[in-house]
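Here the structure comes first, spelled out in structure tokens, and everything after it is commentary.
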Amino acid sequence: MGLFLNSIASYDKFKMISQDPYFVDKSAVIEELIPALGREQRFFCIVRPRRFGKTVMANMIGAFFGKARESNDVFGHLAIAKSQWYTKHLNRHEVIYLDCSEVPKECRDYRSYISRIEDGLYQDLAQAYPELELDQSKAVWDLLSLIFEEKEQKFLFVIDEWDALFHMPFIGEEDKQEYLLFLKSLLKGKSYVEFAYMTGILPIAKYSEGSELNMFLEYDMATKIRFGQYYGFLHSEVDLLYEKYRAETKEPRITREELDEWYDGYHSMGGERLYNPRSVVSALTNNQLANYWTSSGTYDSVFYYVRNNIEEVRDDMALMVSGERIEARIQEYAATAMELVTKDQIYSAMVIYGLLTYEDGEVFIPNKELMVKFEELLLNKEAFGYVYRLAIMRLNCRQ
């Protein structure tokens, strides 16, 4: 057991989540992933907005496959326990789990950041395979290749928030290219990779114009059908959570209709209605409707286009705040562009971020929570005064 190899952290974190009164069992996704183990197409990247369950799922996968802890106490009553592969794969794999949002103490440059990962992996591997007398001067991928040659041992990689580095203030353009090369060298074409599961906010192509990570099958919420039901809460799942809330809350203050109004409005490509999981759980736990959405630098980049009314996006936002829908053509590639030029590209990015919903050729603000968020971040600022007044005028006209 180590910092990255067979860490007990995934088990501990997922066990705590599974004991939450508003836990939703999404473990069936594991059964969909198992057939890919050891196959050519064994690289998966799940792209979702923040707070849509990416880290919970990453911890679940690490806890299920990893040898760190026997985890039948957690998974034995979940959906995956019914799978024909349950006992064959439960806690039978060597798992390397990387949370790329974590940084070393007083980290101020890329070398310090990546050294934490490289040194940590070396320490873990040296402890797990002392008989090989691994040389720390060698690259991590060379050490893993040596272990595979000597032991025929393969590793299952779980990489959470792989793109977090791109939003860190100390990272320059050369650092980004070095990081992409690191991931390529660690994963691409390596026989020791039994499986790789990676999560991020934006598609890989946003950060990589080359072929460094083109072995990944990438799944976003807006354009890919597969896995749509596993990230975000389904309408039926929220029904069950609401029943529990009504039964266990002394003085429930939230109606089922209000949960729809505040947190519904997202749609997967497969047509499933989706709720923001963190917001639903927070509202039911606190017995209070509120804006639980959190911002980040990732999202702030989109607000530039609104602030400066690029392609008249700011004017469209005024219409959307008043409840209107705007025609748009959402294109998967557009959200990956380093610079968004057209209105359709801007809206494609906002849909990928989870800031807008796309349906029947139109984009719109999905729910009241995000309506409040737009007002907080944009409309209450002096530069957006006229937008706010326009939205209020349109609302008054409707009434």
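As the structure is a prediction and not an experimental result, all values here were calculated from the model. Excluded from the calculations below are hydrogen atoms, water molecules and symmetry mates; all remaining heavy atoms, backbone and side chain alike, are included.
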C100 and I159, any side-chain heavy atoms less than 4.5 Å apart: yes
Student check: side-chain heavy atoms of F216 and L187 closer than 4.5 Å: yes
Check: D264 main-chain N/O paired with N367 side-chain donor or acceptor under 3.5 Å: yes
Worked verdict on M168 versus I171 for side-chain contact (heavy atoms from CB on, under 4.5 Å): CA-CA 6 Å; M168 295 178 182; I171 296 299; 3.9 Å; yes
With sequence neighbours excluded, residues passing side chain to side chain donor-acceptor pair (under 3.5 Å) with Y275: H235, R256, D260
M198/I204 under side-chain contact (heavy atoms from CB on, under 4.5 Å): CA gap, chis, key distance, verdict: CA-CA 10 Å; M198 191 163 77; I204 290 171; 3.9 Å; yes
Minimum-distance pair of heavy atoms, taken over all atoms of F4 and L98: CD2-CD2, 3.6 Å
Salt bridge (Lys or Arg N to Asp or Glu O under 4.0 Å) contacts touching residues 347-360 (sequence neighbours left out): R325-E359
Single-linkage hydrophobic cluster, 4.5 Å side-chain cutoff, F43 and V47 together: yes
Qualifying salt bridge (Lys or Arg N to Asp or Glu O under 4.0 Å) pairs with a residue from residues 82-97, counting only residues at least two apart or across chains: K67-E94
Flag side-chain contact, heavy atom, 4.5 Å: V363 against V351: yes
Contacts of A36 that satisfy side-chain contact (heavy atoms from CB on, under 4.5 Å) - sequence neighbours left out: F44, F195
Listed once per pair and sorted, the salt bridge (Lys or Arg N to Asp or Glu O under 4.0 Å) pairs that draw on residues 116-140, sequence neighbours left out: E102-R116, R111-E118, E131-K151
Step-by-step side chain to side chain donor-acceptor pair (under 3.5 Å) determination, D344 to T342: CA-CA 5 Å; D344 285 339; T342 70; 5.4 Å; no
Salt bridge (Lys or Arg N to Asp or Glu O under 4.0 Å) assessment of K26 paired with E237: CA-CA 10 Å; K26 299 283 188 176; E237 292 168 341; 2.8 Å; yes
E70, CD: over 12 other non-hydrogen atoms inside 6.0 angstrom: yes
ILVMFWY network linking M16 to V74, side-chain heavy atoms under 4.5 angstrom: no
Path from V103 to L121 over hydrophobic side-chain contacts below 4.5 Å: yes
Spacing of L217 atom CG and R42 atom CZ [to the nearest 0.5 Å]: 11.0 Å
Residues, nucleotides or ligands: over 12 heavy atoms within 6.0 Å of E327 CD: no
Non-hydrogen side-chain atoms of Y266 and R273 separated by less than 4.5 Å: no
Y197 and L156: CA distance, side-chain angles, deciding distance, side-chain contact (heavy atoms from CB on, under 4.5 Å) verdict: CA-CA 8 Å; Y197 175 91; L156 191 153; 5.8 Å; no
Step-by-step side-chain contact (heavy atoms from CB on, under 4.5 Å) determination, E212 to Q177: CA-CA 10 Å; E212 294 94 343; Q177 294 306 310; 3.9 Å; yes
Student check: side-chain heavy atoms of F75 and L90 closer than 4.5 Å: yes
Polar side chain donor-acceptor pair, D109 to S112, under 3.5 angstrom: yes
Hphob cluster co-occupancy, V158 + L78, side-chain heavy atoms under 4.5 angstrom: yes
Side chain to side chain, V281 and F23, heavy atoms closer than 4.5 Å: no
salt_bridge(D12, R69) N-O dist < 4.0 Å: no
Separation between CD1 of I326 and CD1 of I365, rounded to the nearest 0.5 Å: 10.0 Å
Whether F170 and Y113 hold their rings parallel, tilted or perpendicular, with breakpoints at 30° and 60°: tilted
Polar side-chain atom of T357 near backbone of F364 as donor-acceptor pair, under 3.5 Å: no
Polar side-chain atom of S27 near backbone of I80 as donor-acceptor pair, under 3.5 Å: yes
Backbone of A58 reached by a side-chain donor or acceptor of D160 within 3.5 Å: no
Co-membership, hydrophobic cluster, residues F52 and I46, 4.5 Å side-chain: no
From CZ (R329) to CD (E362), nearest 0.5 Å: 14.5 Å
Whether K184 side chain and Y179 backbone form a donor-acceptor pair below 3.5 Å: no
Partner residues of S279 under the side-chain contact (heavy atoms from CB on, under 4.5 Å) criterion, sequence neighbours left out: Y263, N276, Y292, E369
With sequence neighbours excluded, residues passing side chain to side chain donor-acceptor pair (under 3.5 Å) with S7: none
Contact check, side chains of T199 and R48, non-hydrogen atoms, under 4.5 Å: no
Under the side-chain contact (heavy atoms from CB on, under 4.5 Å) test, residues paired with L144 that sit two or more places apart: I96, L125, V140, F155, F157, L186, Y192
Of W162, Y110, W141, the residue whose pairing with F182 passes ring-ring contact (aromatic ring centres under 6.0 Å, His included): W141
K15 NZ to S71 OG distance, which is reported to the nearest 0.5 Å: 10.0 Å
Any side-chain donor near an acceptor of the partner, N72 and Y86, under 3.5 Å: yes
Taking every non-hydrogen atom, the tightest pair across F14 and V56: CD1-O, 4.0 Å
Stepwise side chain to side chain donor-acceptor pair (under 3.5 Å) test for N6 and Y97: CA-CA 8 Å; N6 294 330; Y97 189 109; over 6 Å; no
Spatial distance of atom CD (E149) from atom CG (L132) [nearest 0.5 Å]: 12.0 Å
Heavy-atom side-chain proximity of Y230 to E32 below 4.5 angstrom: yes
Euclidean distance, Q288 CD relative to S282 OG, rounded to 0.5 Å: 11.0 Å
side-chain contact (heavy atoms from CB on, under 4.5 Å) partners of H77, counting only residues at least two apart: none
Pairs meeting criterion side-chain hydrogen bond (donor to acceptor under 3.5 Å, both in side chains) with involvement of residues 243-254, two or more places apart: Y245-N287
Set of residues satisfying side chain to side chain donor-acceptor pair (under 3.5 Å) with respect to H89, sequence neighbours excluded: H93
Residues which pass side chain to side chain donor-acceptor pair (under 3.5 Å) with S115, listed by chain and number, not counting sequence neighbours: none
